[in-house]
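Taking it in order: structure first as C-alpha cells, then the write-up.
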Amino acid sequence: MLNSGNSMKTPVPFRIITVILALLSCLLLSGEDGYRLWLRYDVVCDTGMLRKYNSALKQVMVEGHSGALDAVREELQNGLSGMLGKEIPFESKTLTEGTLLIGTPVSSERIAALPVKDLLKKTGPEGFILKSCVISDMHCIVIAANTDIGLLYGTFHFLRLLQTGQQIGNLDRVCIPSTQFRLLNHWDNLNRTVERGYAGFSLWDWPLLPDYVSPRIKDYARANASVGINGTVLTNVNANALVLTPQYLEKTAALADVFRPYGIKVYLTARFSAPVETGGLPTADPLDPLVIEWWQKKADEIYRLIPDFGGFLVKANSEGQPGPQNYGRSHADGANMLARVLAPHGGIVMWRAFVYDSNVPEDRAKQAYNEFKPLDGHFSANVFLQVKNGPVDFQPREPFHPLFGSMPGTPLMMEFQLTQEYLGQGTHLVYLAPLFKECLQADTYAKGKGSEVASIIDGTLEKHGITGMAGVANTGTDRNWCGHPFAQSNWYAFGRLAWDLTLSADSIAEEWLRMTFTDNEAFIIPVKQMMMDSREYAVQYMTPLGLHHIMARDHHHGPGPWVSEGRPDWTSVYYHRADTAGIGFDRTATGSNALSQYFPEVEHQLENPGFCPESLLLWFHHVPWDYRMTSGRTLWEELCYRYYDGVDSVKKMQQTWKSMEGMIDRERFEHVKAMLSIQVKEAIWWRDACVLYFQTFSRRPIPEGLEKPAHSLEYYKNIPTP
Ligand code: BDP
C-alpha cells in the first residue's frame, strides 16, 4: 500500500497485521540459504522498536537523479518495507514530520539550506552526515554528503542502525572512511576457477559477458557498498595477459557498468609480460620505448571503455611471475612505468611486496624487506606497495610485516586474506577480525611509541597522498557466496574495518550476527564469544606458540609438518626446524637476524625468549624441549597442551552451537553444525599429526591425562590429498 505522502497514519488493521507478520517471521525461522548475506531486511522483531521506527519514518525524500541515487532509492524501498513491514512513500515533494531527507547541497535545495556546510567540508568525497534535524518545525532525519556515493554509504549506515536495533531518535553522526582505497582482490582465473577459493567458481561469467550479466553481480556490488568496499580487482595475481585483450576488456566494462552506481571501480591484474604475450613485442623491458608505448595505448584503450577504471595490481618476480627483474630493472622501474601510463587517467598501481627469490634465500621472512627497503622513496605518487600483514604468508599467526614503518617514503597498502587458505579453508569457523586487529594495533615504533600499523595504513603517521587496504576475496558461486556460513563475516569485517579502522572485532561480529541471523541476545552473546575466540583456537590446533608454515604441500589443507622435499622454503622443516635439541626458527642475531628488520624497541621486546610473547616464541627462537614456559610446564608439554586445548575448544564451540537450535533457521543451523563436526575431526587430525611428528624429535611422552592419538604418524602422513 502506498501512502499519499502526507503525515497520514498507518491504519490500525495494517499495524496489527504488521506486528503479527513480524512475530510470525521471528518465530517461524523460515528456511534461509544465506544468499541475502547481512542485507536480509526482515521485519524488526522487537515490536517496541518497530513502533518507534514506524513513528519516526513516515516518508523518504531522495533528492536528485543518478545511478547511485537510484541505488539509494531501491535499497531504502527494499530495506524499509522489509524491516518496517509497510510501504513508505517516496514520491512526495512536500516535507512532513518523519521525513528521511537525502541529498547533497547540489542535488537538494533543502540540504543546501541546512547548517551543515562546515561539516560537509570534513566529509570528503565518500563521507556523510546522518543527523536528526527539525526543519520548519518538523522532525526529520537527514543524510547529507558531498557526493551521491556518500549518500549511498549513509543510506547503508542508516539501514544498519535499523537492522541492529539501534535508536534513531537523536542522530548526530559524521562518518568519514579511514582509508581511500578499500578493495577486494579476487584470485579468479579466466576459466572461472578461483585460486585458493573454497566457495565455488568465479562470480565473473567470462563466457557470457558482456551480453549477459548475472543479477548476482548487482547483489555483489550492493554487499560491497554496504560495508564501504569501493574497488575490486577482478583477476588473479598469478595473472593471465588475456584479460587485457579487447575481448576481455569489453567484458570487464560490462561488469564496471553494474558496479558504477555502487561506487565500485574495477581493477585488473597486469601480467608484466603482456606486451610480449599479447602485443607481439620481443621484450617487456619497462624502459624500452616500444614497451612503454604499448602500455600507454593499452591504458588509453581501457579508459575509453571504462572511464573510471581503477588501475593495476601486479605480482612481479615472485613465484614464477614475470617482472622487471627479468630485464635487469628494479621493482620501482616496473611500477613507475605502469604508474606513468595510468596517471593521466587517474589510475593507480598496487605493486605487491610478496616477493621472494627464486634462488633459495637465507630466510624467506626477510626477503620483501631486503628487496623493497632500498627502494623507499623511489616510487611514483600513484603507486602503492601492497604488503601482506605478516612477513611469510597469511599464517594463522604472524608478527606484523617489518615493512610497516620502514617505508616512510612510500604509501603501503595492507593486504589481508579473507579466503581461509591457511585457516581451515572452507570448513572451519574462523572469524578473522581479531587477526586483522592484532596486526593493525601492533606498534612498529617507527616514530616512537604509538606508531601502530593502523596509523601507517590510514596515512596519519606518514601523511601519504593515498591510503588503502585490500582483502583477498572469499566469494564464489556458492549460493551463500562464501561457502561456510560464517565465512561471510570475514568479508563483512574486512569492509567495515577498511572503512573504520577504529572499530573493534567484537562490535563488528555483533553487527554481523544481528544482521545475518537474529537479534536474540541468547544467541548473540554466546555465538559472538565463539567467533571472537575462534581464530585463537585455530592457532592452537594448527600452529601454536609461533609455529608456522607446517601445512600440507600445495593445497595447504591439513597438517604436513613432515614436508621436506623440494625447494627448502616451500617445506615445513625449513620453518619449524625441529631437532632433538628443540624447535623453532632462530631469527635473532644468532640466527637469520630477521629481527633486525624491526625497529629497536620491537627487536628488544622479542630478542630474548624470556620476554618474547609465547604466542610468537617459535617464530623467533629455537627453544629447547625442556625450556620452562610461564605455565611452569616444559616447552614440549606446553606444545602438547596447546594442541589439545585447541581441539577441546572446538568441541566447546560445537556444544555452544548445538544449544542454539531453534533460535535461528534450520537450514543455516544444520549447515554450521555439520561444518563444526568436520572442524572437530580436522582439528584432531592437525593435533595428532603434529604431536606425533614433533614427538619424534622431543622423544618425550605425551603428558599424562591427554588422550593418545588414535593412529600412527605413518597413518597421518599417508592421508591422501583431499
Ligand atoms: C600464497 C598462495 C598462492 C598465491 C600467493 C600470493 O598459496 O596461491 O599466489 O600466496 O599471494 O599464499 O601471491
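For clarity, every value in this text was computed on a predicted model and none was experimentally measured. Both ligands and their constituent atoms are indexed starting at 1 by order of listing.
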(request) Would you please name every residue forming a side-chain hydrogen bond (donor to acceptor under 3.5 Å, both in side chains) with Ser318, sequence neighbours left out? (result) none

(request) Please report the closest heavy-atom contact between Ser534 and Tyr431, naming both atoms and the distance. (result) OG-N, 2.9 Å

(request) Tell me the residues surrounding ligand 1, counting only those with a heavy atom closer than 4.0 angstrom, sorted by chain and number. (result) Trp187, Glu195, Arg196, Val237, Asn238, Lys315, Glu319, Arg352, Phe354, Lys388, Asp393, Glu421, Tyr422, His556

(message) Quick check: do Trp491 and Thr419 have side-chain heavy atoms less than 4.5 Å from each other?
(response) no

(message) Tell me the closest heavy-atom pair linking Ser273 and Ala284, and the distance in Å.
(response) CA-CB, 4.0 Å

(request) Answer yes or no: is there an ion pair linking Arg535 with Glu438, defined by an N-O contact shorter than 4.0 Å? (result) yes

(message) With ring pair (Phe, Tyr, Trp, His ring centres under 6.0 Å) as the test, pick out the partner of Phe416 among Phe494, Phe400, Phe394, Phe436.
(response) Phe436

